[in-house]
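All heavy atoms count here, side chains included; hydrogens, waters and symmetry mates do not. By convention in this document, chain letters (A, B, ...) are assigned in the order of the sequence lines, proteins followed by strands, and residues within each chain are numbered from 1.
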Protein chains: 2
Amino acid sequence: MSEFPEIETGGYAPPVSKAESAPLEFEVDRSSPVPLYYQLAQQLEGAIEHGRLAPGSLLGNEIELAGRLGLSRPTVRQAIQSLVDKGLLVRRRGVGTQVVHSQVKRPLELSSLFDDLQAAGQSPATQVLRNETEPATAQVAAALGIAEGSDVVVLQRLRFTHGEPMAHMCNYLPPGLIPLDNAKLESTGLYRMMRAAGITLHSARQSVGARCATEAEGELLAEEPGAALLTMSRTTYDDTGRAVEYGTHIYRASRYAFEFQLLVRA
Amino acid sequence: MSEFPEIETGGYAPPVSKAESAPLEFEVDRSSPVPLYYQLAQQLEGAIEHGRLAPGSLLGNEIELAGRLGLSRPTVRQAIQSLVDKGLLVRRRGVGTQVVHSQVKRPLELSSLFDDLQAAGQSPATQVLRNETEPATAQVAAALGIAEGSDVVVLQRLRFTHGEPMAHMCNYLPPGLIPLDNAKLESTGLYRMMRAAGITLHSARQSVGARCATEAEGELLAEEPGAALLTMSRTTYDDTGRAVEYGTHIYRASRYAFEFQLLVRA
DNA sequence: TAGTGGTCTAGACCACGTT
DNA sequence: ACGTGGTCTAGACCACTAA
């Protein structure tokens, strides 16, 4: 984005003298609507990703970097901080800011609230088994933070990959939150429909367990009774903290595992 | 920490006139070594937690808040931002900063890299089955980012709660990272030992699945063969991005489930 | 139009880690 | 002692939202 470096008008480059370990050049476009700190953060991230900034290398102190870019130090700090939060950089007092030397090239960016099955060419398909409104049970009401017995939409879906059943999903939503068209539900994911409706997903509370399949579950998922199943229940919240979805899902353990990344809170 | 409010010397309280929706009073102690933004953040968090700031209520604009506290606006912003990152507050341009109205009182603070069993009075106990150095297999070497065949410490532990076996844990660590005393391993957790040794844990990559217990596993965990087991493999990284631990664990699904929270990346 | 948060500046002093 | 990041200030202008 905004990969069109403006022609440098007039401004002569001062003769660079010191040959440092990483005398990389960055530039910001002040006519762009993109925030300056964000432009810098993107360039830094790109340089790290493409190896132009080697793992372990120092970034050069913030004041000098600010001067070189014609930015103030707080702005540069904001850019650096965003990459520290992403786990790409480490700050050390008295030392400087270093590029993290992770073996795993980019242990970040993950767990964007699993679209999982949608992703990575798994040719997913969905079959809607049920899409109705009914009174909320105590459990569902508690999870969604609504009154017991008030209306909720119940959604039951079967998800396939490569023509094989893979998960059974049961979801509960506040009524009227978004239009739940069966055709749309079978062609895309629930979260995408929410985002498209202007809901900003923020966090989810999950519980993952396991149990052996009952006969009915085995039938549904084409597994033997007694086969291992992964169970997951999740409540999802939007950015105002309101619960927008509660679901209880079961997955065939033979075909599915949860992958995610945990960050330690400061 | 630092819960000793200094005696207020002299400073008279200016007569408060306006009765706003939330005319809460905050104070900062400039003689404290605790950063001002952090003091404010803690007070705000406390006020939210104790309900003195009702969900959905506005915080009052940043400039006025700064003036009332005798702080600059960037400092106040930094405090607010930290709570926004925690999911306690929401900012809306043209509207203001609101307290999130989450049903779940505090969906935060979790997933501090599960001490899990250590926590919440589960009277956990650990039995070390194995604590040796051996050459790394290809899988372990890849996970830790070291050369295949180089030395790694192998740790096998059985964890009990209430006298019942509950999980079998197999861990691999770079040699010499921390002293691995069996007595200490049985009285505390691996992560606590790492933190005590000055290692700052940063993130972990996990995979959670399920399978049925083999006969040996059933014996080890006091389950029938064929019982559902939760499996987890995890690689943990410190703040420099170096892998400090790789582990493959199995849990009795009848007694354990993973609980965690996912945050959507901005 | 008025009020809010979003961004940015050009300084300052301090605490810490290295040397 | 020196250099680094950590914190803080007192302003400024802009973009968005609501009334």
### Task
Grab the CG-C1' distance between B:Asn61 and D:dT17 for me, whole Å please.
15 Å

#### Entry: Pairs satisfying side chain to side chain donor-acceptor pair (under 3.5 Å), at least one member in residues 172-184 of chain A, at least two apart
A:Asn131-A:Asn182

### Task
Might you point out which heavy atoms bring B:Asn61 and B:Ile63 nearest each other, and give the distance in Å?
OD1-N, 3.0 Å

### Message
For A:Val95 and B:Thr97, find the nucleotide of DNA chain C closest to each by heavy atoms; which residue's nucleotide sits nearer the 5' end?
### Response
B:Thr97

### Summary
Whole-Å distance, A:Arg93 CZ to D:dG5 C1', equals 7 Å

### Task
Indicate, with a heavy-atom threshold strictly under 4.0 Å, whether A:Ile63 touches base, sugar-phosphate, or nothing.
nothing

### Message
Could you tell me how far apart A:Glu64 (CD) and D:dG5 (C1') are, to the nearest whole angstrom?
### Response
15 Å

### Query
With distance as the sole test, does B:Glu148 use its side chain to make a donor-acceptor pair with the main-chain N or O of B:Ala136 at under 3.5 Å?
no

## Note on the structure
Footprint ends on DNA chain C, 5' to 3', for atoms under 4.0 angstrom from a heavy atom of chain A, come out as C:dT7 to C:dT18

### Task
Answer with base, sugar-phosphate or nothing: what part of the nucleic acid does A:Arg73 contact at a heavy-atom distance below 4.0 Å?
base

### Query
Roughly how far apart are B:Leu89 CG and B:Thr97 OG1, rounded to 0.5 Å?
6.5 Å

### Query
Who are the side-chain contact (heavy atoms from CB on, under 4.5 Å) partners of A:Pro174, not counting sequence neighbours?
A:Leu144, A:Leu177

### Task
Taking B:Glu62 for its side chain and B:Val76 for its backbone only, find out whether a donor-acceptor pair lies under 3.5 Å.
no

### Message
Under 4.0 Å, counting only non-hydrogen atoms across every strand here, what does A:Pro74 touch: a base, just sugar-phosphate, or nothing?
### Response
base

### DNA chain D: 5'-proximal contact among A:Gln81 and A:Gly94 (nearest heavy atom)
A:Gly94

